[in-house]
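See structure below.
Letters A, B, ... mirror the listed sequences (proteins, then strands); counts begin at 1.
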Amino acid sequence: GNSVTQMEGPVTLSEEAFLTINCTYTATGYPSLFWYVQYPGEGLQLLLKATKADDKGSNKGFEATYRKETTSFHLEKGSVQVSDSAVYFCALRYQGGKLIFGQGTELSVKP
Amino acid sequence: DVKVTQSSRYLVKRTGEKVFLECVQDMDHENMFWYRQDPGLGLRLIYFSYDVKMKEKGDIPEGYSVSREKKERFSLILESASTNQTSMYLCASRTTGTGEDNEQFFGPGTRLTVL
């Protein structure tokens, strides 16, 4: 079946550090992949997406590349800010518009 | 701006009570979803609705039902609340226009505690 696995958190970084949050998936076919972000006290917001192999999604300095050969969609940012502190969810789309989410990774950025 | 609103941010109920969680979206979206969010488990789909009066079970529908009588409103019902239904509940909506990769827009969530 379909599943998404993320690296466990929480992840604590200093401001301006490099961020990687790992995400791997299991799926039949070639699903579209997403990263959503949840800021404290809010619902989820779409951060970026990629719809086919080798696509790179990017937004707000975050990037992720759809790697079919490693079934991965790792999230990266070159220099994190305190305002990036949030929970990040990797997800894949299956059967129409439904999504399967990973377990979420909490990021805390210290000044 | 798309807006998805949920009737309560925090709710405390007693075991055995019937609980209604309401979700309203203002963008004429066809699809609506109910998830529960638990630490270490991410979001899990409870029910979704393709359109008015259409509903389908998600991955964890046991103990829940839904109602969608109007396009903008999607209600989640806990027929007899139990302590293991204590969780954060998130509603989302999505348009079907322009393809299947349209994003889901989420409400702020309702944190339900069942005592």
Legend entry - Side chain N59(A), main chain L48(A), donor-acceptor under 3.5 Å: no
Legend entry - Engaged part of E8(A) at the chain B interface, taking heavy atoms whose separation is under 4.5 Å: neither
Inset, instruction - For chain A, find which of R9(B), M88(B), R44(B), Q104(B) contributes the most heavy-atom pairs closer than 4.5 angstrom. - result: Q104(B)
Inset, instruction - Indicate whether the side chain of D38(B) and that of S87(B) have a donor and an acceptor atom separated by less than 3.5 Å. - result: yes
Inset, instruction - Establish, from distance only, whether the side-chain atoms of T105(A) and Q6(A) form a donor-acceptor pair under 3.5 Å. - result: yes
Inset, instruction - Would you please name every residue forming a side chain to side chain contact (heavy atoms under 4.5 Å, CB included) with N2(A), sequence neighbours left out? - result: A27(A), T28(A), L92(A), Y94(A), I100(A)
Legend entry - Residues which pass side chain to side chain contact (heavy atoms under 4.5 Å, CB included) with K53(B), listed by chain and number, not counting sequence neighbours: E69(B)
Legend entry - Set of ring-ring contact (aromatic ring centres under 6.0 Å, His included) partners for F20(B), sequence neighbours left out: none
Legend entry - Atom group of L41(B) that falls short of 4.5 Å from chain A, counting heavy atoms: backbone
Inset, instruction - Identify which part of Q6(B) has an atom lying under 4.5 Å from any heavy atom of chain A, answering side chain, backbone, both or neither. - result: neither
Legend entry - Between F62(A) and Y88(A), ring centroids under 6.0 Å: yes
Legend entry - Carboxylate-amine/guanidinium proximity below 4.0 Å for E103(B) and R94(B): no
Legend entry - Contact residues of residues 106-115 of chain B (partner chain A; heavy-atom separation under 4.5 angstrom): F106(B), G107(B), P108(B)
